[in-house]
Each structure stands twice: as structure tokens, then as C-alpha cells.
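Reading through the C-alpha cells given below for one structure.
These numbers come from the heavy atoms of this one structure, side chains and all, not from hydrogens, waters or symmetry mates.
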Amino acid sequence: MQILLGLLVLVTGAHCLYSSNSDVINLTPSNFDSKVIDSEHIWIVEFYAPWCGHCQQFVSEYDKAATALKGIIKFGAVNADEHQSLGSRFNVRGFPTVKIFSKDKNKPEDFNGPRTAAGLIEAATTAVSQRAYAKIGSKKSGGSSGGSGHKQAKDSKDVVELTDENFDKLVLNSEDMWLVEFYAPWCGHCKNLAPIWASAATELKGKVKLGALDATVHTVKASQYKIVGYPTIKYFPLGKKGADSVQEYDGGRTSTDIVNWALDKLAENIPAPEVVQIVDEKSLRSACQDKPLCVVSVLPHILDCQSECRNQYLKVLRDLGKNYKKKMWGWVWSEAGAQPNIEEALEIGGFGYPALAAVNIKKMKYSLLKGSFSYDGINEFLRDLSYGRGGTAPLKGAQLPSIIEITPWDGKDAEPPQEEDIDLTDFVLDEKDEL
């Protein structure tokens, strides 16, 4: 009998995300009213499903908040997959759903803040202060953790609205990397994510595409990707996208988290940029036109720096391009004197060659390397630019300089010009011209 009871405890515990020594109290239909509804305490209650990936990721943050607020706010958790009556009673439609039981215990507020310990603590302290002010007959101004004033992510100009009809064409059949949010219009967490998603989409524009699909309307795609909770974010990698290539997004829920996660994935998958020789206008525009920054180098003339020397410089540029590839910059080079308009526009060449400048084509501004043309020297220059340090100057003419069409370098040494031998016997000198 003892063995049977032990097994029963283990089986029951397997359905709970929170252990018995956690500061999160496991709630069931048998104890919910006595502990939460009839209590004077403010409660924060998570409704979860054991199989829900977002719920599993949320455990550590929820645990931290419960411990930090012990004695101030009570934290509970309901396995709403097992106790569906409680989920239905409080209109739970996705996992995890967090509700704040404070004023009217039968009508709790939805928690729509970040799924972090800090977000939970902020919501909890707001609920405490609101109750305290209410007891003295005053109101505390400011925001609330509840509410649903956010617009959906699709309202952002940089978030692509996806449907069952356009999904394959825009996402699966493209070479681009995508992050797609599957949402429900009534979902509080989705409303909270909307401005964050929009901000991340703007910051990642030109690098990673962000989309949003209403999974309650476009059920074909929601079913295909087994969407069971909202919001769910899926990652679709660069290049061809097979069924096995789609992954669950497992990063944080702030704009910075989303951007950094996306850039890290991008860096894992994109090749290092090519360092392109400027041989015509097309080569310059294709390498730099839509890039946030273009690194322009002018290398010594081939007669002054033969193939071995030039390839050493190009290797430095390729290594740096690999190091900064997640920045999605363009990298180009020219031979000294081959593109005089570029040199004039960037004031390159006054200190000799090689020379380098970083150009922001959208703003028509540039910054000139004044240190050494070496890996460390250029790396320090570019790192400062990345952090917003370093001076800039307007590009002369406020437009891209005209490009001279030239023949690409063949990778070989150059033969120095041959001096023509003069046969003096070809000249007939008059007697008076003789020495």
C-alpha cells in the first residue's frame, strides 16, 4: 500500500510544474475558493498546461517573483489542463494565463506585463498600492498591469500581416529569415507584445522579417504549426524552408531580447559578406545601397603593391567582414586612382594609401579612418562607430559619386611599363650635330 501511495504521489507531482517546496502554491478546485476567493490576500495565479513550452520557460521567473514577494503577495498555479473547470470559470483560453485577484476576486484582472520576475513584481506592487489608496479613499494615478489598450502588431508598418493565402508565398518560398507571431485578438499577452513586436520589426528591417498571423481566423496555418497557445512565435530560417527547419522561438519578450535573438540566428546562418571591387555603378549599389553602413577601402595601385601585398589587405577586410557580419554592412574596395570621384567625395588619399571610410548612404554621411589600416586599427574604428562614437562629415554633393567603369582586377601581378629601346643608328646626325 505504501508503494502504491508513493507512486500515486509521483504521478500527481508529474502534472505539477511547481514543487512542494516552492513558494508557488498549487491550486485545485477543492482549495481554490478557500485560499484565493475567501482570502484577504492579493493573489497572482497562473493557469498553465504541463505540456506548454511557454509555461515551462515561465517557471523560473514565476518562482523568483513568488519568493521575492513572499509575505506580501501570494502566488498560485492551476494546472488548467487537468482542472478545466477552473480555467473555464475564469475564461482562460491560452497558456500560460496569469490573473491578479485583488479588488473583485470573482473578476480578476489579466496580467499583461512582461513574463519576467521584474514584470510580475511591478504588477504586484501596483495592485498593492491601488488597494492601499482605495482604503484611504484616494486613487493612485498611473498605469495598470491589466487593460487591453495595445493595438495588434499588424498595425505596425514594418510587421507583415500574414494569412492562410499569402503565408507560403511570403514566408516559405522566400530566402529571407522570418519570425512569425501567431496571435489571438482577445489574448492579453498578445496585446502586450504588439508594440514590442512592432519596435523589433522596425529595428530589424532589412535584416529579418517579422510577421503576424491571426490564428483564430487563419486556422489552416495555425493547425499546420500546431499552435495551442497565444502568442506563439516561430522561427523560419534563411533559404529554403522545409518542415524540419521551423523552430520555436525561445528568447525573451522584450524588444531587445527579440532583436538580439534574431541577429544571433542571422549571424549563425549568413555567410561572411563579399568584399566587392568597385568596377561600375551596379557593383557599388548592389553592395551598399540598402545597407546601414558601407565600408569603402582604397588600396594602393597594383604597381605599388603587387598581388601578395593586395591580398593581405583584402584578407584583413574579409576577416573584419566576418566579424561584423551580423551588422549587415556592405564592403567594397577600389584601386588608388581608379575611382577619383569616390576619393574626392570621401577625401581619401591625402594621407596616402591604403585608406578607408565608413559611409551611411541613407544619411549621406561618412567617417574617415585616421588610425592604422590594420585589423586592430580598423576594428577599433568600426567598434567606435557601432557605439555611436566618432565624428562624421556630410558626403560631398549629398549623393553617391559617379562611377567610372573599369576592368576587374585579374588577381595577378602587374608588369611595370617597359621602356622602349631606342636604336641610335636610326638617327642620322648632321656634321654640325656631332659632338
Roughly how far, to the nearest 0.5 Å, is [atom2] of [Y] from [atom1] of [X]?
| X | Y | atom1 | atom2 | result |
| --- | --- | --- | --- | --- |
| I348 | L369 | CD1 | CG | 9.0 Å |
| L27 | N79 | CG | CG | 11.5 Å |
| E335 | D304 | CD | CG | 9.0 Å |
| Q130 | S102 | CD | OG | 7.0 Å |
| S88 | F47 | OG | CZ | 11.0 Å |
| I378 | L317 | CD1 | CG | 5.5 Å |

Does the side chain of [X] reach to within under 4.5 Å of the side chain of [Y], using non-hydrogen atoms?
| X | Y | value |
| --- | --- | --- |
| L356 | V296 | no |
| S334 | Q277 | no |
| L385 | S367 | yes |
| L170 | L162 | yes |
| V180 | L210 | no |
| L193 | I258 | yes |
| L120 | F111 | yes |
| T232 | E181 | no |

Can a donor-acceptor pair be found, under 3.5 Å and without considering hydrogens, that links the side chain of [X] to the backbone of [Y]?
| X | Y | value |
| --- | --- | --- |
| W197 | G211 | yes |
| T126 | E122 | yes |
| H189 | F95 | no |
| H301 | L303 | yes |
| S199 | I196 | no |
| N341 | I403 | no |
| T219 | A222 | no |
| E343 | G337 | yes |
| Q339 | I404 | yes |

Assign the ring pair [X] / [Y] to parallel, tilted or perpendicular, where the plane angle (0 to 90°) is split at 30° and 60°.
| X | Y | value |
| --- | --- | --- |
| Y225 | F236 | perpendicular |
| Y48 | Y18 | perpendicular |
| F75 | Y62 | perpendicular |

Polar contact flag, side-chain donor to acceptor under 3.5 angstrom, [X]-[Y]:
| X | Y | value |
| --- | --- | --- |
| S374 | S372 | yes |
| N379 | Y324 | yes |
| H83 | R89 | no |
| T216 | D214 | yes |
| S60 | D63 | no |

(message) side chain to side chain contact (heavy atoms under 4.5 Å, CB included) for W329 and K291? Distances and angles first, verdict last.
(response) CA-CA 5 Å; W329 292 341; K291 301 300 192 325; 5.5 Å; no

Residues two or more places apart in sequence or in another chain: which of them pass ring pair (Phe, Tyr, Trp, His ring centres under 6.0 Å) with [X]?
| X | value |
| --- | --- |
| Y249 | W261 |
| F32 | F90, F101 |
| F381 | none |

(message) Show me the pairs that pass side-chain hydrogen bond (donor to acceptor under 3.5 Å, both in side chains) and involve residues 403-415, at least two apart or across chains.
(response) S307-D413

Minimum heavy-atom distance between [X] and [Y], given as atom pair plus value:
| X | Y | value |
| --- | --- | --- |
| K241 | P237 | CE-O, 2.8 Å |
| I100 | A123 | CD1-CB, 4.1 Å |
| G94 | W186 | N-CH2, 4.5 Å |

(request) Could you tell me whether R318 and E274 have a side-chain N and a carboxylate O separated by less than 4.0 Å? (result) no

(message) Check this for me, if you would: do E380 and R383 make a salt bridge, where the nitrogen-to-carboxylate-oxygen distance has to be below 4.0 angstrom?
(response) no

(request) Sorted by first residue and then second, give each salt bridge (Lys or Arg N to Asp or Glu O under 4.0 Å) pair with at least one member in residues 351-373; sequence neighbours left out. (result) none

(message) Filter on salt bridge (Lys or Arg N to Asp or Glu O under 4.0 Å), then keep only pairs touching residues 91-108, sequence neighbours left out; what's left?
(response) K99-D110

With sequence neighbours left out, write down each residue that passes salt bridge (charged side-chain N to carboxylate O under 4.0 Å, His left out) with [X], or none if nothing qualifies.
| X | result |
| --- | --- |
| K234 | E248 |
| K221 | D168 |
| D384 | R389 |
| R285 | E281 |

(message) If you count every heavy atom of other residues, nucleotides or ligands that lies below 6.0 Å from K207 atom NZ, does the total exceed 12?
(response) yes

(request) Might you confirm whether atom CG of D290 has over 12 heavy atoms from other residues, nucleotides or ligands at distances under 6.0 Å? (result) no

(request) Please check if the distance between the ring centroids of Y235 and W178 is under 6.0 Å. (result) no

(request) Could you note down all residue pairs passing disulfide bond (SG atoms under 2.5 Å apart) where residues 237-302 supplies at least one of them, sequence neighbours left out? (result) C288-C294

(request) Under the side-chain hydrogen bond (donor to acceptor under 3.5 Å, both in side chains) rule, collect the residues that match up with S386, sequence neighbours excluded. (result) none

(request) Start with the C-alpha distance between L172 and F167, add both sets of side-chain angles, then the distance that settles side chain to side chain contact (heavy atoms under 4.5 Å, CB included), and finish with yes or no. (result) CA-CA 7 Å; L172 298 184; F167 195 95; 4.2 Å; yes

(message) Working note: Y313 + F373, criterion ring-ring contact (aromatic ring centres under 6.0 Å, His included); need CA distance, chi angles, decisive distance, verdict.
(response) CA-CA 8 Å; Y313 286 132; F373 195 100; 5.4 Å; yes

(request) With side-chain hydrogen bond (donor to acceptor under 3.5 Å, both in side chains) as the test, would you mind laying out the steps for H54 and R253 before giving the verdict? (result) CA-CA 11 Å; H54 295 306; R253 294 299 176 97; 3.3 Å; yes

